[in-house]
Amino acid sequence: MTKPRAIYWFRTDLRLHDSPALKAALDLKPECLYPIWTWDPHYVYRAKVGVNRWQFLLDCQTDLSSSITKINPKSKLHVIREAPQTLFPKLFKAWRISHLIFEKDTDAYARDRDESVVELARNAGVQVIIKTGRTLYDPDELVEHTGRKPTMSISQVQAAGKKIGEIPRPIPAPKSLPDPGDMSIDFEQEHPPTDPDLNAHDRTESDKSYKSLAGPNSDFAPPTLEELGFPPATSPHRGGETVALEMLSSITSDKTYTATFEKPKTAPTAFEPAATTVLSPHLHFGSLSVREFFWRVQDVVDKYKGKASEPPTSLTGQLLFRDMYFGAQAHLGHAFAQTIGNSHCRFIPWHLPSVVSPTSMRAGHDYQIDDPQAEEWFQRWKFGRTGFPWIDALMRQLRQEGWIHHLGRHAVACFLTRGGCYIDWERGAEVFEEWLVDHETACNVGNWQWLSCTAFYSQFYRCYSPIAFPKKTDKEGQFVKRYCPELENFPDKYIYEPWRAPIADQKAWGCLIKGDTCGEDGEYKVYPKPMFDFPTRREVCKQAMKKAYSVGLHGNDQQVLDGTWRKLFDDDAEGPTDGKDGPVGAMIDDVAEEDYDDHGEMVDTSHGEESEGKQAGQGGNRASPKKAAHKRKAQGTLDGVVKRTKKN
DNA sequence: GTTTACGTTGCCAGT
DNA sequence: TACTGGCAACGTAAA
């Protein structure tokens with residue numbers, strides 16, 4: 001019998017330690033093992049991946065590749081620039097592959113992708129081995145133990161986890177790896193459509209990542225940011241298994257910190273160093289195993305003499321929340337990441353709702369500008385010029401560094417949604433998707449639902465103040481001064497509400513508080529006035545939330561899907577409620593069916609930046625003169641493209 | 001069926 | 001500094 005020839009397909013498991021899937025590959029004792037990473041047009045063009053997250057990914061790939069080479073000088077991580085759905089059949093043949101091994105990924109997109117890859121492998125007679133390793137528990141197994149309900153609370157996770165049994169101890173990194181076989185790739189490279197490119201705005205040069213299968217030097221090396229057309233990263237947070245394990249060791253060497261960690265007591269205003277571990281991006285890319293993290297912490301806790309903290313506030317508790325969100329996502333699938341069609345997400349008539357395809361009922365990155373005021377607030381929030389220093393400092397830190405403290409995320413998310421702007425949480429989630437180095441859909445979407453009180457959490461009357469909240473941990477506003485340096489001379493009294501400072505003082509401190517943007521005026525710097533009166537907006541939002549809660553709709557309710565939810569809200573309520581008829585939130589019913597591909601994703605047919613929507617209020621007394629669907633470049637999925645190619 | 005306690009991380013005034 | 005109760009009041013799970 002011939003020995004197995006195996007491909008190990010790395011994805012969000014960029015590590016050698018504690019990889020159940022890699023162990024399964026090695027247990028085959030294959031004649032050759034090809035460690036590969038497949039480039040994915042979905043990741044390159046259709047997902048919002050900012051430069052800093054790209055850098056983190058490339059760090060992880062580079063480190064993993066050199067770690068592989070240290071174990072076997074003949075091997076490394078082979079990065080191949082083609083979509084897995086078209087590449088694998090060619091690779092199976094060229095390398096005479098018998099086995100394909102990878103770690104399970106329950107993200108909605110990943111499930112679709114992996115399903116088609118498994119099908120391709122079956123057609124090629126290739127055996128597929130899939131092992132769970134991304135979370136503490138297999139999300140599907142977790143859901144099996146909740147009576148097939150999505151995990152919506154930590155107690156459900158703990159109860160289900162108990163039934164599953166003890167979390168497995170980590171598996172050591174392998175000491176040897178088989179050689180890869182012949183690396184010939186004498187087949188044509190399939191080029192994906194590069195339009196639309198959701199990351200085009202970040203590129204300063206043209207994208208060259210699909211010039212050749214094995215890269216510009218034909219050596220299968222990870223690309224550089226230059227190759228992708230991106231400018232250098234601005235984040236100080238760097239990836240790689242080596243860095244991740246060093247960080248973990250440094251954290252667990254402080255026994256008291258590790259054993260007594262309580263998340264709510266950590267300071268969101270702390271920087272250099274941050275008050276929390278900043279290991280989240282490593283968990284996302286798999287450069288750190290979550291079970292390695294769990295057991296290294298648990299072992300410290302078990303030996304700790306004093307009173308250790310416990311879930312959910314403890315360090316291990318944080319990992320349980322991650323599993324909770326993965327469990328919810330595993331059960332709800334694509335619907336998890338949006339309101340429409342989501343049985344567990346409360347329907348709130350937010351401003352700037354997502355455009356939903358009437359065929360697939362999927363929400364994409366397009367959204368409806370139901371209210372120009374809300375759009376202006378959204379842009380000011382996104383780019384850190386709301387006039388509230390705490391909010392602006394956080395948003396600037398996020399954009400520059402790709403990471404902010406968990407409670408900082410709470411502050412900006414509450415502010416954008418139920419505690420200020422009354423803007424759809426999906427808008428905020430998209431910004432986080434683009435800028436966070438630790439972005440993973442399950443946690444990001446779950447936390448946005450939490451903070452917007454649409455799922456997981458419902459105490460909407462508990463609202464973060466952009467003035468009072470940061471004062472608790474940073475009376476002097478050191479954090480604000482770090483990210484909003486124009487306010488560096490403002491005293492404690494005015495640092496969180498600089499608009500209250502007398503003009504003479506503003507001049508003395510070198511910064512005028514006026515207008516709606518940042519900049520300079522003669523010898524003075526300029527920081528904007530607050531974009532609204534916070535106490536007033538907090539009250540407006542609270543009343544609107546109260547109303548939406550009493551209406552009590554969820555994303556999959558018929559009134560939500562057919563647009564008759566409008567009849568249940570007053571025209572002068574917050575949100576796009578005017579008029580009694582019309583489709584769901586931002587579903588634009590004047591888009592022809594042929595504008596959507598066979599997956600229901602919207603295909604770009606726009607002829608300009610904005611187009612007139614059809615839902616302009618008739619007789620609505622709220623100030624919303626123009627309804628325009630904000631159409632970005634569309635988002636066909638790779639799946640659609642690939643399947644169509646196959647059909648032809 | 002009803003009541004009660006609780007829920008990772010609010011704010012404010014008062015002790 | 002660290003705690004308390006009032007604020008207005010949500011959903012869920014246990015009792």
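Quick note on labels: first sequence line is chain A, next is B, and so on, each numbered from 1. The model shown is predicted, which means the values in this text are computed figures rather than measured ones.
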Worksheet item: What nucleic acid atoms does A/K542 come within less than 4.0 Å of, heavy atoms only: base, sugar-phosphate, or nothing?
Response: nothing
Worksheet item: Salt bridge between A/E292 and A/R169, side-chain N to carboxylate O under 4.0 Å?
Response: no
Discussion item. Base, sugar-phosphate or nothing for A/K472? Non-hydrogen atoms, less than 4.0 Å.
Written reply: sugar-phosphate
Discussion item. Would you measure the distance from the P atom in B/dT2 across to the matching atom in C/dA8 and give it in whole Å?
Written reply: 27 Å
Discussion item. Assess whether a salt bridge exists between A/D474 and A/K481, defined as any Lys/Arg side-chain N lying under 4.0 Å from an Asp/Glu carboxylate O.
Written reply: no
Item to complete: Quote, to the nearest angstrom, the C1' distance that separates B/dG7 from C/dA9.
Response: 14 Å
Fill in: Between P of B/dT9 and NE2 of A/H410, the distance in whole Å
9 Å
Fill in: A/N52 side chain vs A/V437 backbone, donor-acceptor pair below 3.5 Å
no
Discussion item. At 4.0 Å (heavy atoms only), tell me whether A/Y549 reaches a base, stays on the sugar-phosphate, or touches nothing.
Written reply: sugar-phosphate
Worksheet item: Over how many whole Å does the gap from A/W450 atom CH2 to B/dG7 atom P extend?
Response: 11 Å
Practice prompt. Go ahead and name the base partner of C/dG5; Watson-Crick or wobble counts if both distances stay under 3.5 Å, otherwise write none.
Written response: B/dC12
Discussion item. For A/F383, does the six-membered ring have the charged nitrogen or CZ of A/R399 within the cation-pi criterion, i.e. under 6.0 angstrom from the centroid and within 45° of the normal?
Written reply: no
Discussion item. So if I take residues 301-327 of chain A and measure heavy-atom distances to DNA chain B, which residues fall below 4.0 Å?
Written reply: A/P312, A/T313, A/Q318, A/F321
Worksheet item: NE2 of A/H406 versus P of B/dT9: gap in Å, rounded?
Response: 10 Å
Worksheet entry | Residues A/E433 and A/H439: side-chain donor-acceptor under 3.5 angstrom | no
Worksheet entry | Any donor-acceptor N or O pair under 3.5 Å, side chains A/E426, A/S354 | yes
Worksheet item: Between B/dT9 atom C1' and A/Q459 atom CD, what is the distance in whole Å?
Response: 11 Å
Worksheet item: Between the side chain of A/K529 and the main-chain N/O of A/K514, is any donor-acceptor distance below 3.5 Å?
Response: no
Worksheet item: What interatomic distance, in whole Å, is found between P of B/dT8 and the corresponding atom of C/dC7?
Response: 25 Å
Worksheet item: Within the structure shown, what part of the strands sits under 4.0 Å from A/R346 by heavy-atom distance: base, sugar-phosphate, or nothing?
Response: sugar-phosphate
Practice prompt. Mind calculating the distance between OH (A/Y461) and P (B/dG10) to the nearest angstrom?
Written response: 11 Å
Fill in: d(CZ, A/R462; P, B/dG7) in whole Å
11 Å
Practice prompt. Could you tell me from which nucleotide to which nucleotide of DNA chain C, 5' to 3', there is an atom under 4.0 Å from chain A heavy atoms?
Written response: C/dA9 to C/dG11
Item to complete: Determine, for A/D323 against A/R134, whether the closest basic-nitrogen to carboxylate-oxygen distance falls under 4.0 angstrom.
Response: no
Discussion item. In whole Å, I'd like the distance from the OH atom of A/Y496 to the C1' atom of B/dG10.
Written reply: 16 Å
Discussion item. Here's a test of your reading of the structure: between A/K265 and A/F460, which maps to the more 5' nucleotide of DNA chain C?
Written reply: A/K265
Practice prompt. Run the salt-bridge test on A/K493 and A/D505 with the 4.0 Å N-O cut-off and return the result as yes or no.
Written response: no
Worksheet item: Can A/K471 be said to sit on top of A/W390's aromatic six-ring, NZ or CZ under 6.0 Å from centre and within 45° of the ring axis?
Response: no
Practice prompt. To the nearest Å, give me how far apart CE (A/M152) and P (B/dC6) are.
Written response: 23 Å
